[in-house]
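Each remark here refers to the structure printed beneath this line.
On a predicted model such as this, the values are computed, not experimentally measured, just so you know. Every chain is numbered from 1, with letters handed out A, B, ... down the list of sequences. Keep in mind that the numbers below use all heavy atoms, side chains included, and drop hydrogens, waters and symmetry copies.
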Protein chains: 2
Amino acid sequence: MAIKEAVRPGGRSARVQEAVHQAVRELQTIKARDELTVPQIAERAGVTPSTIYRRWGNLSELVADVSVERMRPDEDPADTGTLAGDLLAWGQQYLEEMTSVPGQRALNDVMASAHDERRERCCRYSESLMTTLHDRALSRGETPPPICKLVDGVVAPMTYRLLYDRDSATVDNLQRWIDCTLKDGDPGVACRQ
Amino acid sequence: MAIKEAVRPGGRSARVQEAVHQAVRELQTIKARDELTVPQIAERAGVTPSTIYRRWGNLSELVADVSVERMRPDEDPADTGTLAGDLLAWGQQYLEEMTSVPGQRALNDVMASAHDERRERCCRYSESLMTTLHDRALSRGETPPPICKLVDGVVAPMTYRLLYDRDSATVDNLQRWIDCTLKDGDPGVACRQ
DNA sequence: CCATTAACGCAAAATTTTAGCATTAACGGA
DNA sequence: TCCGTTAATGCTAAAATTTTGCGTTAATGG
């Protein structure tokens, strides 16, 4: 049961993948998570169930695959003129997205995936975003803390709250995380690894 | 399909739960996660599959239930004489536990649960632990940062790395998170909510 | 001790998942 | 462009699972 990933991407294979993803997205809007089934998705996508089982293994991996796609940032973060503003603007939008019902479901689906490479993609999305904001701050002449500080100080607390204690994933707290992270004059030692 | 939780805990019900949990724990040591099945567990536990389906709903919720139990801290954290030492001692052990193969699986199983009340229990474990260390520091005459700072500064980054980027969940980084969190002279504003 | 009812066992039915083989179509070289 | 190779899919039957209905057991409260 070795699940292949994006081999022979041309033509049919890509069409099937898109049809299946689309079917999942559509069904997700009209059905609860625990009443989605593979045969159902297959029928709507116009493929046979065995195709889905062979490519994705099971329902969890399929919905995780769709959801991680959904979590990819589609546009560049807004430029507000300061790092603090950029962090707040991005974080606000991210919080809003991830506390919404579909956002929570997507987060859940990704976390339920047995392949941790999928979760790592979410991590990379955030890190790449922090890198962008960091570079932008540098080019403005600001003196931003190192990227890992941004991750540890802003992204990690926010993610932790979103996953474990949603009620405290608020903009108020976001503002506080940003303030604390940027206030600290000492840039500290950069993270290893 | 409303899953009941610990109603009528006396006698038989408790025996069945323990037998099923035990069966899961045993099977987990000799089988990979994706080759566990409900009928298999039921047989070893000496119950019928329908009992498991009725009580836990599905395999994911069952293993999540078992794993969250496993993650409950069983003993009080070591007292090393300083808050920094206590945090390091606890964090070291936690990191070791959670980067191990069974620890990673347990973490995965809990995160895969659709009931976020299960994840919240993990959060409460950590917060309760931070409270313990905080009180202990106070009684020593230390001036510890507020509990939410400990959570945001130490627990959150560690958890974030464990979930999204295991390679950076190291003792070196733990030491750094602790240093940064305790160094900051300004206790800041306490978290709301 | 009894009435009530939650929890369980059992077995049939429904559904999902797997597996074997045939077919289609993407890919690469001549 | 054509052709051989083979990854990917379709189809179908078999296997395994999950669900459901109903009878039974045993925990709970009086």
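Going from atom CD of B/Gln17 over to atom P of C/dC8 covers 9 Å, rounded to whole Å. As rounded to whole Å, 16 Å separates atom P of D/dA8 from atom CD1 of A/Ile52. Per the geometry, CH2 belonging to A/Trp56 stands 12 Å off C1' belonging to D/dT9, to the nearest Å. Rounded to an integer number of Å, the gap from CG of B/Leu62 to P of D/dT17 is 15 Å. Taking atom CD of residue B/Glu35 and atom P of nucleotide C/dT18, one finds them 12 Å apart after rounding to whole Å.
With sequence neighbours excluded, the residues forming a side-chain contact (heavy atoms from CB on, under 4.5 Å) with A/Thr80 are A/Thr82, A/Asp86, A/Ala89, listed by chain and number.
Under 4.0 Å is where a charged nitrogen must lie from a carboxylate oxygen, and between B/Arg25 and B/Glu69 no such pair does. With respect to A/Arg33 and A/Asp109, a salt bridge is recorded, a charged nitrogen being found less than 4.0 Å from a carboxylate O. A salt bridge links B/Arg70 with B/Glu97: at least one charged nitrogen is closer than 4.0 Å to a carboxylate oxygen. A salt bridge is absent between B/Glu117 and B/Arg121; no separation between the charged side-chain nitrogens and carboxylate oxygens falls under 4.0 Å.
At C/dA7, none of the side-chain N or O atoms of B/Arg15 fall inside 4.0 Å of OP1 or OP2 (strictly under the cut-off). Taking 4.0 angstrom as the limit, B/Thr51 places a side-chain polar atom (N or O) nearer than this to OP1 or OP2 of C/dG9. Phosphate contact (OP1/OP2 of D/dA16, side-chain N/O of B/Thr37, threshold under 4.0 Å): absent. In this structure, A/Arg55 reaches the D/dT9 phosphate: one of its side-chain N or O atoms is under 4.0 Å from OP1 or OP2. Applying the 4.0 Å criterion to OP1 and OP2 of D/dT18, one finds that B/Tyr53 has a side-chain N or O inside that range.
A donor N or O paired with an acceptor N or O is found under 3.5 Å between the base of C/dC10 and the side-chain atoms of B/Ser50. With hydrogens and angles ignored, no donor-acceptor pair under 3.5 angstrom links the side chain of B/Arg12 to the base of D/dA26.
Toward the 5′ end of DNA chain C lies the nearest nucleotide of B/Thr48, the other residue of the pair B/Thr48 and A/Val38 mapping further downstream.
Residues A/Asp79 and A/Arg140 form a side-chain contact, since some pair of their non-hydrogen atoms from C-beta on lies under 4.5 Å apart.
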Derivation and outcome, salt bridge (Lys or Arg N to Asp or Glu O under 4.0 Å), residues A/Glu120 and B/Arg166 = CA-CA 9 Å; A/Glu120 285 169 16; B/Arg166 187 163 54 257; 5.6 Å; no

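Between C/dT24, C/dC21, C/dC8, one nucleotide has an atom nearer to the side chain of A/Arg54 than all others, and that is C/dC21.
For the segment residues 22-32 of chain A, no residue has any heavy atom less than 4.0 angstrom from an atom of DNA chain D.
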